[in-house]
Amino acid sequence: MVEGIVGRKIGMTHVFGEDGKVEPVTAIEAGPCFVTQIKRRDKDGYDAVQLGFGEAKRLNLPEKGHLKKVGMLKHLREFEASEIDSLKLGQRVDVGMFKEGDRVDVSGTSKGKGFAGVVKRHHFAGGPKTHGQSDRHRAPGSIGATTTPGRVLKGLRMAGHMGNERVTVKNLKVVKADPERNLLLLRGAVPGAKNGLLIIIRKSRASGA
Amino acid sequence: MKMEISTIVPVEPNPNIPVISPGDTVRVSIKVVEGQRQRSQVFQGVVIRVRKGAASANFTVRRVTYGVGVERTFFLHSPSLEKVEVLRHGRVRRAKLYYLRRLTTKAARLKERRVKEERKEG
């Protein structure tokens with residue numbers, strides 16, 4: 001059993017419960033994925049499964065060689081797996097592995113915000129808007145003391161590049177998993193833009209129930 | 001390969017909900033569950049907003065009770081929405097009637113729009 005799947009974010013919508021309660025859900029086109037490589041402890045040092053997702057138009061020669069037996073796949077990602085001996089190269093993996101009520105962790109690349117100021121990036125309050133202020137509205141304020149220590153401390157929160165980084169949202173509830181349409185509905189939001197690549201992993205036991 | 005968000009959650013039109021547009025005076029019946037009992041609650045007022053969008057489509061009804069303005073938003077495809085009756089079509093010139101919020105009594109009235117043929121329910 002592979003413990004995860006690769007998918008693509010479609011967008012958000014609503015789902016109605018029978019009692020009329022509305023659940024906000026993110027729709028994900030998850031899978032079908034294919035096993036492209038099985039890594040073993042004796043050969044690779046650890047057990048894992050590499051899954052491929054999405055049709056590739058063009059691959060370079062090393063990629064073609066690697067995927068010779070399974071076909072042209074665009075995105076390759078590695079997952080933990082149990083009972084690794086039961087898996088075969090080229091085996092199909094789809095959302096049938098999840099059922100309603102399961103908990104999953106989802107990783108993706110967040111939307112890039114460019115060079116962001118401190119108000120947006122670290123939720124600073126900014127300066128006063130009135131009382132004769134000029135140029136202080138979104139300023140960070142003091143960034144340190146005087147001669148002692150005479151430098152700015154490392155790790156101080158300042159303006160800089162924001163977003164476009166890997167973000168993981170944990171413990172999302174599976175609202176629906178439809179293997180026929182390769183559709184996965186998760187309650188709540190998921191990192192990244194529409195059509196962004198997502199990695200969905202069954203919630204690990206270690207992270208608590 | 002590419003899936004459209006509007007097709008993700010299938011929505012069937014509710015046969016008890018006619019086409020509603022801003023300015024309509026409607027009577028909305030909502031299913032309310034109180035403990036074990038289920039009853040129907042009625043909310044009557046003017047539609048001040050209709051938002052489209054597959055499963056997310058909704059509309060807002062405004063009424064004034066005892067001098068207090070009350071607005072309720074209903075999801076068009078919610079299973080708890082029992083029935084919607086259009087009592088009167090108002091003649092309005094915009095899609096969102098937020099301006100009604102600052103008008104009271106006589107000024108907040110809408111002229112009736114007579115429809116030649118009653119639109120098909122559903």
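Every chain is numbered from 1 and lettered A, B, ... according to where its sequence line falls, protein lines coming before strand lines.
Applying the side-chain hydrogen bond (donor to acceptor under 3.5 Å, both in side chains) rule to pairs touching residues 56-67 of chain A yields Gln50(A)-His66(A), sequence neighbours excluded.
Applying a 4.5 Å heavy-atom cutoff, none of the residues of residues 88-98 of chain A approach chain B. Interface with chain A: from residues 25-41 of chain B, no residue qualifies, criterion being any non-hydrogen pair under 4.5 Å. Within residues 55-80 of chain B, the residues having any heavy atom less than 4.5 Å from a heavy atom of chain A are, in residue-number order, Ala55(B), Ser56(B), Phe75(B), His77(B), Ser78(B), Pro79(B), Ser80(B).
In terms of heavy atoms, Ile48(B) sits closest to Arg101(B) at CD1-NH2, 3.9 Å. Residues His89(B) and Asp24(B) share a closest heavy-atom pair of ND1-OD1, 3.1 Å.
Leu76(A) places none of its side-chain heavy atoms less than 4.5 Å from the side chain of Phe53(A).
With 3.5 Å as the limit, one finds a donor-acceptor pair spanning the side chains of Tyr46(A) and Glu78(A).
In this structure, the side chain of Arg8(A) engages the main chain of Asn195(A) through a donor-acceptor pair within 3.5 Å. Side chain of Lys176(A) to backbone of Leu184(A): no donor-acceptor contact under 3.5 angstrom is found. Judged by distance alone, with hydrogens and angles left aside, the side-chain atoms of Arg121(A) form a donor-acceptor pair with the main-chain N or O of His161(A) at under 3.5 Å.
Aromatic ring pairs are classed by plane angle as parallel below 30°, tilted from 30° to 60° and perpendicular above 60°; the pair Phe16(A) and His14(A) is parallel.
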- [ ] List the steps and the verdict of side-chain contact (heavy atoms from CB on, under 4.5 Å) for Ile28(A) and Leu183(A).
- [x] CA-CA 6 Å; Ile28(A) 298 167; Leu183(A) 179 71; over 6 Å; no

**OP:** Begin with the C-alpha distance, continue with both residues' side-chain angles, and end with the deciding distance and a verdict on side-chain contact (heavy atoms from CB on, under 4.5 Å) for Leu185(A) and Thr26(A).
**Re:** CA-CA 6 Å; Leu185(A) 295 183; Thr26(A) 306; over 6 Å; no

Practice task
Would you check, one step at a time, whether the test side chain to side chain donor-acceptor pair (under 3.5 Å) holds for Thr109(A) with Arg166(A)?
Solution key: CA-CA 5 Å; Thr109(A) 307; Arg166(A) 185 185 169 98; over 6 Å; no

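Distance check, rounded to the nearest 0.5 Å: CG of Leu87(B) to CD of Glu85(B) gives 6.0 Å.
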